[in-house]
Amino acid sequence: MSQRTAMPAIITRHLRITGRVQGVGYRWNMAQQARRLGLNGWVRNRLDGSVEAMACGSVEAVRVLVDWAQRGPMGARVDGVEVSAADGVFEGFEQRETV
């Protein structure tokens, strides 16, 4: 008998993080967390002072990143994290320019 291993479900989520999240290394730290979790996507600052990210990977890995996003790195003060379903195919996880 052959044993079949189920592939983990892959999801993509858009995150919008508000609070004191710029100038504290938030993007760099999120990119490090995402890479460690094996996620693909990107993170960038927004001109309104928020941070925006797309994360694609296993349900569990995305959940762990969303949990991290609610705390952020030392020095950050996260007031809110909006999470919504999204589409997209990404390779690697990158920091993007501010928009």
Side-chain angles (χ1 to χ4, degrees):
M1 276 191 190
S2 67
Q3 226 177 359
R4 292 179 56 170
T5 304
M7 294 295 293
I10 302 299
I11 61 170
T12 302
R13 294 293 181 261
H14 176 261
L15 287 74
R16 187 59 145 304
I17 304 100
T18 56
R20 185 170 174 257
V21 292
Q22 290 190 15
V24 294
Y26 198 100
R27 286 182 307 155
W28 185 87
N29 279 281
M30 177 176 267
Q32 294 301 309
Q33 290 292 326
R35 291 177 189 134
R36 184 180 60 77
L37 293 165
L39 295 171
N40 295 312
W42 50 263
V43 60
R44 65 184 173 196
N45 285 340
R46 300 288 304 202
L47 292 175
D48 66 3
S50 67
V51 170
E52 178 181 32
M54 291 285 277
C56 180
S58 73
V59 172
E60 178 63 16
V62 171
R63 184 194 62 76
V64 170
L65 186 69
V66 169
D67 287 348
W68 178 90
Q70 294 173 1
R71 296 182 311 278
M74 229 156 87
R77 186 197 76 244
V78 177
D79 292 338
V81 178
E82 295 175 21
V83 181
S84 56
D87 292 317
V89 177
F90 309 98
E91 193 169 313
F93 199 95
E94 64 181 338
Q95 291 183 74
R96 292 190 174 175
E97 294 297 315
T98 300
V99 296

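Note that this is a predicted model, so its numbers are computed, not measured. For this chain, numbers begin at 1 and follow the sequence in order.
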So Arg96 and Val43, side chain to side chain contact (heavy atoms under 4.5 Å, CB included) or not? Walk me through it. CA-CA 6 Å; Arg96 292 190 174 175; Val43 60; over 6 Å; no
Taking the side chain from Glu82 and the backbone from Leu15, do they hold a donor-acceptor pair closer than 3.5 Å? no
Would you call the rings of Tyr26 and Trp68 parallel, tilted or perpendicular, where under 30° means parallel and over 60° means perpendicular? tilted
Path from Val59 to Val83 over hydrophobic side-chain contacts below 4.5 Å: yes
Determine, using the 4.5 Å side-chain heavy-atom cutoff (strictly less than), whether Val64 and Phe90 are members of one ILVMFWY cluster. no
Check: Gly92 main-chain N/O paired with Asn40 side-chain donor or acceptor under 3.5 Å: yes
Rounded to the nearest 0.5 Å, how far apart are CD1 of Ile17 and CZ of Arg46? 11.5 Å
Could you check whether any side-chain heavy atom of Arg44 comes within less than 4.5 Å of a side-chain heavy atom of Thr98, counting everything from C-beta outward? no
Run the numbers on Met30 and Leu65 for side chain to side chain contact (heavy atoms under 4.5 Å, CB included), then give the verdict. CA-CA 8 Å; Met30 177 176 267; Leu65 186 69; 4.1 Å; yes
If I compare all heavy atoms of Ala76 with all of Val24, which pair ends up nearest, and what's the gap? CB-CG2, 3.8 Å
In terms of hydrophobic clusters joined by side-chain contacts under 4.5 Å, are Val81 and Leu39 together? yes
Between Val62 and Met54, is there shared hydrophobic-cluster membership here, with clusters defined by ILVMFWY side-chain heavy atoms closer than 4.5 Å? no
Chi angles and distances behind the side chain to side chain contact (heavy atoms under 4.5 Å, CB included) call for Val89, Cys56: CA-CA 8 Å; Val89 177; Cys56 180; over 6 Å; no
Nearest 0.5 Å please: distance from the CD1 atom of Ile11 over to the CZ atom of Arg63. 10.5 Å
Give a yes or no on whether the backbone of Asn45 and the side-chain of Gln95 come within a donor-acceptor separation of less than 3.5 Å. no
Determine which pairs satisfy salt bridge (Lys or Arg N to Asp or Glu O under 4.0 Å) with at least one residue from residues 16-33, sequence neighbours left out, and list them in order. Arg16-Asp48
Residues Val78 and Gly72: closest non-hydrogen pair is CG2-N, 4.2 Å
Is the number of heavy atoms from other residues, nucleotides or ligands within 6.0 Å of CG (Asp79) greater than 12? yes
Audit row: Trp42, Glu52, side chain to side chain contact (heavy atoms under 4.5 Å, CB included) steps and yes/no: CA-CA 8 Å; Trp42 50 263; Glu52 178 181 32; 3.8 Å; yes
